[in-house]
Amino acid sequence: MDKSNKSGAEALIHSLHLEGVDLMFGYPGGAALHIYDAIFNQNYVDHILVRHEQGAVHAADGYARATGKPGVALVTSGPGATNAITGLATAYMDSTPIVVISGQVKSNLIGTDSFQETDMIGVSRPIVKHSFLVQRAEDIPDIVKKAFHIATTGRKGPVVIDIPKDFTDPEYKFEFNYPSEINMRSYNPPEGADTSSIKEAADLIATAKRPVIYSGGGVNQNNASEELTALAKLLNFPVTNTLMGLGAFPGSDPQFIGMLGMHGTYQANMAMHNADLIIAVGARFDDRITNDPKQFALSAKKIHIDVDPASVSKIIHADIPIVGSAKESLTALIEELKCRDLKTNESDISEWNEQIKNWRDAHGLNHSLLEMGAQNGKILPQQVIQSLYKETNGEAFVTSDVGQHQMFAAQYYHFDKPRQWINSGGLGTMGFGLPSAMGVQLAYPESIVSCVTGEGSIQMCIQELSTCLQYGLPIKIINLNNAALGMVKQWQDMQYGGRHSSSTYENSLPDFVALTESYGHVGIKVSKFDELESSMKECISLKDKLVFLDVDVDPNEHVYPMLEAGNAMDHMRLSKDEKTW
Amino acid sequence: MKRVIALLMENQPGALSRVVGLFSQRGYNIETLVVAPTNDATLSRLTMSTEGDEKVVEQITKQLDKLIDVVMVTNLSESEFVERELMLIKFTKDSFPENVFDETNIVSEDNEIINVQVVGTSLELDKLISEIDANNPLEIVRSGSLGISSDEKTLTIEN
Ligand SMILES: Cc1ncc(C[n+]2csc(CCOP(=O)(O)OP(=O)(O)O)c2C)c(N)n1
Ligand SMILES: [Mg+2]
C-alpha cells in the first residue's frame with residue numbers, strides 16, 4: 001500500500017498514520033477541503049471536530065502533554081490559521097511536541113492577497129520550533145517525517161506545515177515513499193548524557209550542606225521523573241518543582257517542599273534563597289522563579305542540567321553546565337555517585353531538612369482547610385481543590401486555566417505522577433483548560449479528567465462543551481466562581497489601591513448550570529459549604545457525564561505566598577497583612 | 001568592542017527571515033548584516049557584527065545555532081580574525097579630495113561625478129569618513145563587515 005500512487009492529501013494522512021498518529025483535532029475550510037476528503041476515505045486517523053481552532057491546538061497540546069506523544073491539529077488558511085496562533089504560542093512556551101497542519105491558498109495565489117490568505121509561516125515564525133511551506137506535493141512525506149522528528153526531539157516544540165491547496169489536489173497523484181530515516185545536517189540536538197562535568201557535579205554534591213533539587217517541565221517532557229526521584233532518594237535532598245514540573249517528584253512525599261517561585265511555598269522559596277547548592281534539572285530560571293536575578297540565591301553554586309544549550313547560563317550563570325538529556329544525564333550522575341560510594345554531609349543535610357521543616361511549620365500551606373468548614377460562611381477556593389483531591393484519591397488528570405484557581409490547584413492538589421497536571425505555565429493562556437482536557441480525556445477514556453477553571457477563563461473556549469457532547473467526553477469541570485477576574489483583581493487590590501478596573505462583570509455572568517444543560521451535559525451549583533463535599537462526590541461519580549460544578553467561592557481570597565517583585569526570593573507576602581521583610 | 005559572528009544556513013526560502021526575525025524577537029542589536037550564497041549552492045553564509053558584550057554574543061550564538069535552518073555558527077571574534085568592509089563614495093568633481101584617494105580607488109568618473117571604492121576594517125572606514133567630511137560626499141555606501149579567521153579554522157562543511 002505504501003508504494004501506491006497517492007494525492008498530496010492522501011500522502012499527508014498516510015504519513016501521519018505511519019508516524020503513529022491515530023487522532024487529530026481540526027476544523028475544515030476551503031484550503032483544507034482536499035485533506036478533509038482524504039480523511040473521510042480512510043480509517044486510520046480519527047478526526048475530532050472542535051468548535052474553534054484554538055481549541056484544536058490546545059486539545060492536541062493536552063494530548064501531547066498527557067501522553068508524551070505528539071499531538072496533531074489541522075486548520076484551514078486565513079482565519080483558521082490565525083485562530084491557531086494562541087495554541088501554537090502556548091505549546092511553544094511550554095515546549096510541547098505538536099504538529100499543526102494549515103491549508104494555504106493555491107501556490108499561484110500566494111502573495112496576491114487572495115481570499116483567506118495569511119502568511120502562516122510569517123505569522124507563526126517566532127512561536128514555532130520550525131515550520132515548512134510545502135513547495136511540491138511530492139515533498140509532503142519527507143516534510144511530515146522531518147516535522148515529527150523536530151517536534152519530538154531535543155527541546156520539544158510545535159512545528160507548522162503549511163500546504164497550498166494545489167499540492168493536495170486529488171487529481172494529481174505521485175508515487176508514495178515514506179522515508180525510513182532522516183538526516184538533517186542542520187539539526188542535531190543533544191541526545192544522550194553529557195558526562196563531561198559529571199565528576200565536578202558529584203564533588204559539589206558530596207560537600208553540599210544546604211542543597212536543593214529544583215526541577216521543571218523538562219523532567220516531565222523527557223520522562224525523567226523516575227531518575228529524578230531516584231537521585232533525590234539517594235541523597236535525601238529536598239525537592240522543589242516549578243509550576244511546569246509538578247508531578248516529577250511525588251507531591252505527597254515528605255521530601256517534597258512544594259512548588260517554588262511567584263506563588264511557591266514559603267519553605268521552597270526560603271530553601272532556594274539560603275541554599276549552597278542548587279541542582280536545576282529541566283528548568284530554565286524563568287522570571288516567575290528567580291524574582292530579581294541579581295539577588296537570586298547568591299550563596300548557591302548551580303548545577304544546571306538541560307537539553308537546550310541556550311537555556312544554560314541564559315539568566316543565571318551555571319557553575320556546572322550539563323547539556324544533555326535529563327534522563328540520561330541523571331542516570332550518569334547517579335552512577336557516578338554510587339560508584340564513588342558517595343558520602344554526603346549527612347549531619348548537615350539533616351540539619352538543613354530540619355530547618356526546612358521549621359519553615360514549613362511556621363508558614364507552610366494548610367492542607368487541612370477542608371476539615372475547618374465554612375470560613376465566614378464562605379467556601380474557600382482552596383477547600384474546593386482539597387475536596388477534588390479527596391474525591392479523586394489524588395489520581396485525576398487535572399488541567400487548568402489561568403488565574404487564582406490555577407495557583408490554588410497547583411498548591412493544593414498533590415500531584416504524584418508526571419503528566420498528571422496540565423497547564424499553560426509559560427504563556428499563561430486563559431482558555432487552555434477545557435480543550436486541553438479534551439485531548440487528555442480522548443487519550444485516557446477511562447481516567448478521571450478534571451478541568452479546574454474560573455468563570456473568566458472558561459468563557460474563553462466554552463463552545464467546546466459542544467465538542468464534548470459530540471464525542472462523549474465526561475470531563476469534570478470545577479469552576480471556582482469568584483465572580484471576577486480574580487488574579488487581576490488581586491493585583492489591583494495590592495498595587496492599584498483596590499481600583500477594580502474592568503475585572504468584574506456587574507451581574508452579567510451566565511447561569512452556568514443552565515448553560516451546561518443546554519449543551520446536553522450536567523450542571524451542579526454549589527453555594528454553601530455544606531453542599532461542597534456531597535456535590536463533589538456526585539460530580540465525580542457521574543462517570544459517563546460531563547459535569548460542570550459551579551462553586552461560589554470567597555471572592556476576596558488572594559493567592560499567597562507571593563514574591564515581592566524586584567527582590568530576592570525571601571521577600572514574600574504571606575497574607576493580606578503579613579510579609580517576610 | 002565589535003564582535004563578528006558568521007554562520008552557514010540552508011539556502012532556502014524563509015531561512016533568512018528566521019535569522020533576522022530572531023534578532024528583533026530577542027532584542028539583539030545588530031549593526032551590520034551580510035548574506036550571500038557560498039560556492040556550495042545549498043548554503044548561504046551570513047556575517048553580522050554587533051557591539052553586544054560577551055554574554056549577549058554567547059546567547060545570540062546559541063539561539064542562532066538552535067534555528068533549524070542554521071547549519072553552523074561561529075563567533076569569529078573569539079580568536080584572531082580578519083574583518084573587512086567595502087565602501088563606495090560619490091563626490092562631485094569639484095569637491096573630490098585628491099590627496100586622500102588615488103587612481104586605484106576610482107571606479108567611475110564622468111564630467112561631474114567621481115565614485116570611489118575603499119576596502120578596510122570598519123574602523124578604518126569610520127576614520128576615512130570623518131577625514132572626508134569637509135568634502136561633502138554626495139553618498140556613502142557601506143557593505144557591512146565580512147570576516148574570516150586568521151588561522152587554519154574554517155567555517156565550511158564537508159559534503
Ligand atoms: C487570554 C488571556 N487574557 C488575559 C490574561 C490575563 N489574566 C490572567 S489571570 C486573569 C483572570 C482570570 O480570571 P478567572 O478565569 O475567573 O480566574 P480567577 O483568577 O478568578 O481564579 C486574567 C484576565 C490571560 N492570562 N490570558
Ligand atoms: Mg474568577
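Protein chains get the first letters and strands the later ones, always in sequence-line order, with residue 1 at the start of each.
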Considering all heavy atoms, the nearest A:Arg155-B:Lys66 contact: NH1-NZ, 3.9 Å
Over 12 foreign heavy atoms within 6.0 Å of CG, B:Asp102: yes
What I'd like to find out is whether the side chain of A:His130 reaches to under 4.5 Å of the side chain of B:Leu67, using heavy atoms alone. no
When rounded to the nearest 0.5 angstrom, what distance separates NZ in A:Lys314 from CD in B:Gln63? 6.5 Å
Other residues, nucleotides and ligands only: do more than 12 of their heavy atoms fall within 6.0 Å of NZ on B:Lys127? no
A:Asp113 atom CG: more than 12 heavy-atom contacts under 6.0 Å: no
If we only count heavy atoms from C-beta on, is the A:Ser131 to B:Arg18 side-chain gap below 4.5 Å? yes
Inspect the surroundings of CG in B:Leu86 and state if more than 12 heavy atoms from other residues, nucleotides or ligands are less than 6.0 Å away. yes
Check: B:Leu43 and A:Arg185 side chains under 4.5 Å, non-hydrogen atoms: yes
Atom CD of residue position A:Glu191 - does it have more than 12 heavy atoms of other residues, nucleotides or ligands inside 6.0 Å? no
Among B:Met72, B:Glu10, B:Arg26, residue most engaged with chain A (heavy-atom pairs, under 4.5 Å): B:Glu10
Answer yes or no: are there more than 12 heavy-atom neighbours, outside B:Glu54 itself, under 6.0 Å from its atom CD? no
Backbone N or O of B:Ile68 within a donor-acceptor pair of the A:Ser186 side chain at under 3.5 Å? yes
Are side-chain heavy atoms of A:Ser311 and B:Lys62 found at a separation under 4.5 Å? no
Proximal component of A:Asn188, with respect to chain B [non-hydrogen, under 4.5 Å]: neither
Side chain, backbone, both or neither of A:Ile127 within contact of chain B (heavy atoms, under 4.5 Å): neither
Taking atom NZ as the centre, does A:Lys106 end up with more than 12 heavy-atom neighbours from other residues, nucleotides or ligands that are less than 6.0 angstrom away? no
Rounded to the nearest 0.5 Å, the CZ atom of A:Phe132 sits from the CD atom of B:Gln12 at a distance of 8.5 Å
Go through the atoms of B:Leu8 and report whether side chain, backbone, both or neither lie under 4.5 Å from a heavy atom of chain A. neither
